[in-house]
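Remarks on the structure that follows.
Because the structure is a prediction, the values reported are computed rather than measured. Side chains are part of it too, since the values below use all heavy atoms of this structure and drop only hydrogens, waters and symmetry mates.
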Amino acid sequence: MTPGLWELVLKGVWTTVQLLVFSGLLAAAVSFAVGIARTHRRWAVRFLAGCYTEVFRGTSALIMIFWVFFVLPLAFGWQLVPMWAGTLALGLTYGAYGAEIVRGALNAVDPAQREGGTALGFTPWQRMRKILLPQAVPEMIPPFSNLLVELLKGTALVSVMGMGDLAFSGNLVRLALQESAQIYTYILLVYFVIAFLLTRLMRGLEHRLKAAAGKAPGTALPVRRSGASTVGGGAS
């Protein structure tokens with residue numbers, strides 16, 4: 001390829017990475033806000049959070065992008081640029097899936113932990129911040145890693161708005177060179193490399209969080225064998 005075409009592809013990679021970061025941050029914020037709301041003691045809060053989850057999980061991300069980019073201007077009279085339209089549509093859609101991850105991880109915490117926080121006089125927010133989240137977050141990382149990879153692949157949908165992401169730029173290069181096999185192979189490899197780096201990063205974060213929570217391999221307390229003396233006790 002000529003230098004100009006390579007530059008077009010690199011700009012597409014950068015646009016995809018930007019979209020991934022922005023929509024990923026929005027999805028993370030939505031995931032925790034809605035996921036925590038799904039465990040709220042008031043049924044009305046749980047109901048509203050559940051409605052949001054069901055609506056965005058039950059709709060197509062592609063149609064949501066169309067809706068945000070083409071319908072919102074008709075309803076409100078202002079037009080989002082493709083980057084922010086894609087960020088909003090993808091962040092809200094994948095945030096609904098992330099909310100179920102957060103809800104499941106919080107509900108998996110031993111109920112005795114909640115009861116202990118109540119016995120200590122903690123407020124609901126203190127129980128969430130000091131007891132539940134430190135134990136639940138490390139368990140969220142593996143499913144969040146998969147969701148992040150799915151979000152990366154979902155960024156290709158923004159090409160329908162004419163946004164110059166990796167998929168859109170690669171298609172322009174394909175049309176210029178008339179080399180479908182070569183160009184699409186390059187695109188596949190770039191997506192794979194980004195996904196591989198994301199999974200490595202998330203795995204490292206998982207190990208660090210589990211180590212901080214005392215759950216990493218080698219950090220568990222030793223199990224006392226039957227008949228052995230207690231810690232600090234000598235042999236008789």
Side-chain angles (χ1 to χ4, degrees), residues 9-38 49-50 52-70 72 80-106 136-171 184 186-209:
V9 172
L10 291 177
K11 285 183 178 180
V13 173
W14 175 237
T15 300
T16 293
V17 170
Q18 285 182 298
L19 180 61
L20 176 65
V21 171
F22 295 147
S23 58
L25 290 175
L26 177 59
V30 170
S31 297
F32 278 93
V34 177
I36 291 174
R38 292 271 282 165
Y52 169 86
T53 302
E54 294 302 325
V55 167
F56 279 89
R57 286 197 309 168
T59 54
S60 165
L62 177 61
I63 301 304
M64 186 60 64
I65 290 174
F66 279 131
W67 195 88
V68 170
F69 192 65
F70 295 109
L72 277 184
L80 286 173
V81 298
M83 173 64 77
W84 300 121
T87 296
L88 184 62
L90 293 175
L92 293 178
T93 299
Y94 285 88
Y97 291 97
E100 287 300 286
I101 296 174
V102 174
R103 182 188 66 83
L106 290 175
V137 168
E139 306 304 324
M140 300 177 193
I141 300 301
F144 266 134
S145 179
N146 291 333
L147 189 62
L148 192 58
V149 173
E150 290 298 319
L151 176 57
L152 168 65
K153 293 184 284 188
T155 58
L157 298 175
V158 301
S159 60
V160 299
M161 299 184 292
M163 185 175 172
D165 69 313
L166 176 58
F168 186 82
S169 301
N171 191 51
Y184 284 137
Y186 285 152
I187 295 175
L188 283 176
L189 289 175
V190 172
Y191 276 115
F192 171 77
V193 169
I194 297 176
F196 179 80
L197 293 176
L198 285 175
T199 55
R200 296 292 99 185
L201 178 63
M202 295 295 285
R203 186 167 297 179
L205 178 61
E206 178 188 1
H207 288 327
R208 294 192 61 163
L209 289 176

Roughly how far, to the nearest 0.5 Å, is [atom2] of [Y] from [atom1] of [X]?
X      : Y      : atom1 : atom2 : result
Lys153 : Tyr191 : NZ    : OH    : 11.0 Å
Glu150 : Thr93  : CD    : OG1   : 13.0 Å
Met163 : Ser169 : CE    : OG    : 10.0 Å
Ile141 : Met202 : CD1   : CE    : 4.5 Å
Ile194 : Thr199 : CD1   : OG1   : 12.0 Å
Thr87  : Leu20  : OG1   : CG    : 10.0 Å

Discussion item. Whether the side chain of Thr16 engages the backbone of Gly12 through a donor-acceptor N/O pair (distance < 3.5 Å, no angle test) should be reported.
Written reply: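 Side chain of Thr16 to backbone of Gly12: a pair is present.
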
Hey, does [Y] have a side-chain heavy atom less than 4.5 Å from the side chain of [X]?
X      : Y      : answer
Asp165 : Leu19  : no
Val158 : Met83  : no
Tyr52  : Leu92  : yes
Tyr184 : Asn171 : yes
Leu201 : Leu205 : no
Trp67  : Thr59  : no

Worksheet item: For Ala28, what residues pass the side chain to side chain contact (heavy atoms under 4.5 Å, CB included) criterion, not counting sequence neighbours?
Response: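 Side chain to side chain contact (heavy atoms under 4.5 Å, CB included) list for Ala28, sorted by chain: empty.
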
Please report the closest heavy-atom contact between [X] and [Y], naming both atoms and the distance.
X      : Y      : value
Ala89  : Val68  : CB-CG2, 4.1 Å
Leu151 : Tyr94  : CD1-CD1, 3.6 Å
Val149 : Ala195 : CG1-CB, 4.1 Å
Gly98  : Ser31  : CA-OG, 3.2 Å
Ser23  : Leu90  : CB-CB, 4.0 Å
Arg38  : Gly50  : NH1-CA, 3.1 Å

Discussion item. Is there a side chain to side chain contact (heavy atoms under 4.5 Å, CB included) between Val102 and Val34? Walk through the geometry before answering.
Written reply: CA-CA 8 Å; Val102 174; Val34 177; over 6 Å; no

Worksheet item: Would you say Arg200 has more than 12 foreign heavy atoms packed within less than 6.0 Å of its CZ?
Response: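 Atom CZ in Arg200 is crowded, with more than 12 foreign heavy atoms closer than 6.0 Å.
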
Practice prompt. Not counting sequence neighbours, list each pair that qualifies as a ring pair (Phe, Tyr, Trp, His ring centres under 6.0 Å) and has a residue in residues 15-36.
Written response: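 Residue pairs with at least one partner in residues 15-36: Phe22-Trp84.
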
Item to complete: Could you list the residues that satisfy salt bridge (Lys or Arg N to Asp or Glu O under 4.0 Å) with Glu206, not counting sequence neighbours?
Response: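 Glu206: salt bridge (Lys or Arg N to Asp or Glu O under 4.0 Å) contacts with Lys210.
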
Worksheet item: Going through the checks in order, is the side chain to side chain contact (heavy atoms under 4.5 Å, CB included) test met by Leu88 and Met64?
Response: CA-CA 9 Å; Leu88 184 62; Met64 186 60 64; over 6 Å; no

Item to complete: For Val9 and Val190, run side chain to side chain contact (heavy atoms under 4.5 Å, CB included): C-alpha distance rounded to whole Å, both residues' side-chain angles, the deciding distance at 0.1 Å, then the answer.
Response: CA-CA 10 Å; Val9 172; Val190 172; 5.6 Å; no

